[in-house]
Amino acid sequence: MRNVRNALGGIDTVLLLGGRSEIGLAIVERLVRDGARRVMLAARGGTAPAEDIERLERLGAEVHLADFDAARPETHVTLIEEAAAKLGDLDVVIPAFGVLGSQAVYDEDPVVAARDVAVNFGGHVSAGLAAARSLREQGHGTLIVLSSVAGVRVRRANFVYGSAKAGLDGFAQGLADSLHGSGARVVVVRPGFVIGRMTRGMTPAPMSVTVDAVADAVIDALRSRRRTVWVPARLGPVFALMRILPRAIWRRLPR
Amino acid sequence: MTLLTGWGRTAPTPATLARPRSAAEAAALLTRAGRRGVVARGLGRSYGDAAQNAGGLVLDCTGLDSTGLDCTGLDSTQGDRTGGGPSWRLDPTGLVTASAGVSLHDLMTDLMPKGWFVPVTPGTRYVTVGGAVAADVHGKNHHVDSSFGAHVRSLRLLTADGTIHELTPDDELFWATVGGMGLTGVILEATFRCVPVETSRMVVDVERTRDLDQTLETMAETDHRYRYTVAWIDLLAGGRRMGRSVLTRGDHAAPADLPARMRRDRLAFGPRPRLAAPPWAPGGLLNRATVRAFNAAWYGKAAPAAGKRLIQGIAPFFHPLDGVAGWNRMYGSRGFVQYQFAVPFGAEDTLRRVVARLSGAGVVSFLTVLKRFGRGTPAMLSFPMPGWTLALDIPAAQSGLAGMLTELDEWVAAAGGRIYLAKDSRMSAAMMSATYPRLDEWREIRRRADPDGLFVSDLARRLRLL
Ligand SMILES: Cc1cc2nc3c(=O)[nH]c(=O)nc-3n(C[C@H](O)[C@H](O)[C@H](O)COP(=O)(O)OP(=O)(O)OC[C@H]3O[C@@H](n4cnc5c(N)ncnc54)[C@H](O)[C@@H]3O)c2cc1C
Ligand SMILES: NC(=O)c1ccc[n+]([C@@H]2O[C@H](COP(=O)([O-])OP(=O)(O)OC[C@H]3O[C@@H](n4cnc5c(N)ncnc54)[C@H](OP(=O)(O)O)[C@@H]3O)[C@@H](O)[C@H]2O)c1
C-alpha cells in the first residue's frame, strides 16, 4: 500500500522537525521539486536560514516556520496539531534532529550524555508518537525515521550516541508495526557515515556517503513499499555480518 | 476500517464504511462522523479518490432508499420498483424519480421494456444516480443533450445539519450539488426526464479517418446529424497517421430499421458481463504488446466493421467495457490513471500537441476516446464545456508519467481547458483553482450549506476544494 495522496506518488505537505538539518532539508528540497507545495520547518527558535527558505519558495513551496525543541516533549503534540492546521493532512513527517557529541565528552560529563540521549532518543519518542497519532487519524502519511548504522551494533567509540540510535531504531520498528493497517507507515533509514555538517572535522569511515545520496535513497523509498533503507545499500549485508562478529573482535575495532 | 480505492485502484485509504438504507439512517450516521468527516459513495466508478475519505466515514449509498416512494395507483404503462432496496418511479411523461442508490444498469433494465431510456449514460452502466448527479456525467450525446444535470428537475439533498432539502434548478445549492462531487451533502433522490425510445437497438455508422485533422473535421462537420457520437483514437499510430480514428455515431433505431426477427422483441434488454477478469490481477496482462495488438486488431478490423446503418445493442454501443467484469484489475496492482481533459473550440492546436506528445511517449492506453462537447450546465464545478474532450487510461507504473501529465496539465490550462474530477487522481491544487473559474463561488455556497466542513473526501483534501 502506498500512503500518498496522489495516484502517482505525488506528495503535497512535508513537516521537518529539526528544520535546519542538512539531510532533512535535502529531502524536503527533493519533495518540493517533485511537487510538494506546503512545507513546515520546525526548529529551535522558529527560524531557518533565509537562503534555505528562499530556495524552497523559488521551487514553488509555501514555507511555514515553527518553534520546536526536541528536548521539550510536552510541546510536541501541540506542534503537530499546529502543523496539520497550517499544512492540512501531513503527507510526510521527517524528524531529522539529532546531536552527535563526542564520547570523550560524555565520559567526562554524564549529564551532557543524558541530555543528548534525551534528544536523540526521548525527543524522537515523543515527536514520533505525536506524529503517529495524527497520521493514524488521517489514515495515510509517512514518518521518516533517521536511524543510523551506529545503532545497529553499538561501538565502544560512540556508544552513547549509538545506544540512543539503537533505541530509536527499535522504537521505529515497533511504531511501524503498530501503524500497520492504519494507512500510515514508517520508513527507517540507516545511513552509514554521512559527510556533512554533523560529521565535520571527522575522518570519513569506509563506505561513507553524501547528504544527497541519503536524500535520494529516502525519495526512492517513499516511492516504493520499502520499510528499511540502508545508505549505501550494501551496508545492509555488511551489517548482517557485523552483527555476528565475535565480541572480542568487535571491541578492538578502531572506530 | 475498510481500504477503499476508486476504479483506477491507486492510492488506497482506510475509512469506516457504512451502508444506510434510508434517509433517516443516513442522517443518524452524519451525527456520528468524527473529525475526519464523511462523504457519499456510489458504485466506486470514479477513477480517483472522489469517493474516499481517509480516516473518516464513507456512506455506501447503493442501498439507499430515500423515500419509500409512493407508487400506489400507477398503471402498467408506468412502473416502479419498490420493496427493499433502492426504488424508482416513472410517470407517463417519462419523468423518473429514483433514489440515489439506483444504478443506471437497473434503471435501463427496468425502463427499456416500457420504452424509456436514461437521458445520459456514461461509458459504463454501473454508476448510481447519485454518482451521475454528483459528477454531472456526460455521454456520447453531450453535443446535443448536454450532461446529466441538464435533465434533472429536482433533487432531495441531506445536508450537514441533518435536514432534507428539495432543490430545483432555481436553487444555487442545486447547481453546487450537480457536479459537486458529494461535497454539499448526501443526494437522496433525483427526478429527471427520460427519453422515449421505440427499440432497444442503435443504428450506427462506423467510419475511419486517416489522421487527427480528418477526425476533427469530420466530427465538426457531421456530428450534428447523430444523437450519439464518439471517436476512438489509435494512439499507437504515429507519423502521418497520428490521430487516425474509428468514428462510431448513431441514434436509437426505429422499428423499421430492425430486421424482422428483432422486431418481435424490439425492446429486449438483458446484457450481462460476458467475461470476468481474473481476480489475481496479473500485472503485465495489459502491457505494451497486448495493447498494441488490441489496438491494431480494433483499428484493422474497426470492430465493429466500418459500415453504414449497422444495428447494435445498447450495451456494445454505449458500454463496451462493461462486457468484461472487473477489467480494471488487468492493469495489475499498481493500478492506472485516467487522464481526461477538455479544451474549448479554437484550441485544436493544443489537442494536436497533446495527442502527439502521448503518441510520441509510447503511452500504453487501452481505449483513447475523443468527443465533441456541446453546451455545459450552470453547475459551478461541472466539467464539460463547448469544445473537445480526450480521455485515456494509462498504467500508473508507466515511467515518467507524473512529469508528463503535469506538462500536459499546463498546456490544457493555458488553452482554457480543464481536467475531469471524476477521473482525476493526480492533478495539483494549483491546477484545479486555475482551471475551474467558479470554484470560489461554489465554495461560498458550499460553506453556507456545510459551515463546519462535515463533507470532505480525499479528492477535496488533495485539491484543497473546501
Ligand atoms: C468504464 C468507465 C467509463 C466511464 N465513462 C464515463 C463517461 O463517458 N462520462 C462520464 O461523465 N463519466 C464516465 N465515467 C465516470 C463515472 O461516470 C463517474 O465517476 C460517476 O460519478 C460514477 O458513479 P458512481 O455511482 O460509481 O459514484 P462513485 O464513483 O462512488 O462516486 C463519485 C462521486 O459521486 C459522489 N456521490 C456518489 N453517490 C452520491 C450520493 N448519493 N450523494 C452525494 N454524492 C454522491 C461521491 O462522493 C463522489 O464524489 C466512467 C467510469 C468508468 C469506470
Ligand atoms: N550525518 C551523519 O553522519 C548521520 C548519519 C546517520 C544518521 N544521521 C542522523 O540524521 C539526522 C540528521 O542529521 P544531519 O546530518 O542532517 O545533521 P545536522 O545538519 O547537524 O542536523 C541536525 C539538526 O538537529 C537539530 N537539533 C539538535 N538538537 C535539537 C533540539 N533539542 N531540538 C530541535 N532540533 C535540534 C540541529 O539544530 P540546530 O540547527 O539548532 O543545531 C540540527 O539542525 C540526525 O538524526 C542524525 O543523527 C546522521
Side-chain angles (χ1 to χ4, degrees), chain A residues 1-14 30-39 57 59-62 64 77 80-81 83-92 131-142 178-185 219-220 222-226, chain B residues 1-16 34-37 47-49 52-58 333-339 394-406 409 423-431 456-464 466:
Chain A
M1 188 201 330
R2 279 161 302 153
N3 308 293
V4 285
R5 300 250 297 275
N6 160 321
L8 300 177
I11 279 157
D12 191 28
T13 62
V14 191
R30 282 163 176 71
L31 291 172
V32 170
R33 277 187 200 286
D34 287 351
R37 283 298 165 261
R38 292 194 195 191
V39 169
E57 285 175 344
L59 291 169
E62 177 185 308
H64 299 260
V77 168
I80 297 286
E81 280 168 1
K86 292 229 168 90
L87 305 182
D89 280 12
L90 302 174
D91 291 338
V92 176
R133 210 160 92 175
S134 268
L135 301 192
R136 190 193 299 278
E137 186 190 355
Q138 70 186 29
H140 68 99
T142 305
S178 100
L179 284 173
H180 187 81
S182 73
R185 70 167 178 159
I219 298 296
D220 282 351
L222 270 173
R223 297 229 175 86
S224 73
R225 294 165 200 217
R226 250 174 306 147
Chain B
M1 289 274 174
T2 310
L3 266 188
L4 295 174
T5 71
W7 190 244
R9 305 176 78 232
T10 51
T13 53
T16 305
R35 292 211 300 175
R36 299 291 293 176
Y47 279 70
D49 47 8
Q52 287 169 238
N53 180 19
L57 180 62
V58 172
S333 64
R334 301 263 315 258
F336 67 106
V337 164
Q338 168 135 141
Y339 191 66
I394 313 172
Q398 167 132 358
S399 71
L401 184 58
M404 182 180 70
L405 294 183
T406 305
D409 281 356
K423 306 285 182 77
D424 178 59
S425 58
R426 35 70 44 199
M427 80 161 135
S428 69
M431 174 71 184
V456 61
S457 61
D458 286 2
L459 175 104
R461 289 195 181 92
R462 178 168 58 83
L463 298 178
R464 303 195 178 277
L466 306 188

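Chain identifiers are assigned alphabetically (A, B, ...) following the order of the sequence lines, protein sequences preceding nucleic acid strands; residue numbering begins at 1 within each chain. Fair warning: this is a prediction, and the values are worked out from it, not measured in the lab.
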CZ (B/Arg464) and CZ (A/Arg38) are apart, to the nearest 0.5 Å, by 3.0 Å

Among B/Gly55, B/Gly8, B/Ala402, B/Gly403, single out the residue with the greatest number of heavy-atom pairs under 4.5 Å to chain A. B/Gly55

Any chance you could measure A/Asn6, atom CG, to B/Asp458, atom CG, to the nearest 0.5 Å? 11.5 Å

At what distance, to the nearest 0.5 angstrom, does CD of A/Gln138 lie from CG of B/Asn53? 11.5 Å

What is the distance from atom CD of A/Glu137 to atom CZ of B/Arg36, rounded to the nearest 0.5 Å? 6.5 Å

Considering all heavy atoms, the nearest A/Gly139-B/Pro14 contact: O-CD, 3.0 Å

Would you say A/Arg226 has more than 12 foreign heavy atoms packed within less than 6.0 Å of its CZ? yes

By ring pair (Phe, Tyr, Trp, His ring centres under 6.0 Å) - contacts of B/Phe336 (at least two apart): B/Tyr47, B/Trp327, B/Tyr331

Just verifying a value: how many Å separate B/Ser425 OG and A/Leu8 CG, rounded to the nearest 0.5 Å? 6.0 Å

Below 4.5 Å, heavy-atom pairs only: which of B/Arg426, B/Met427, B/Gln52 has the largest tally toward chain A? B/Arg426

Between B/Ala396 and A/Ala7, which heavy-atom pair has the shortest distance, and what is it? CB-O, 4.4 Å

What part of B/Leu459 lies closer than 4.5 angstrom to a heavy atom of chain A: side chain, backbone, both or neither? neither

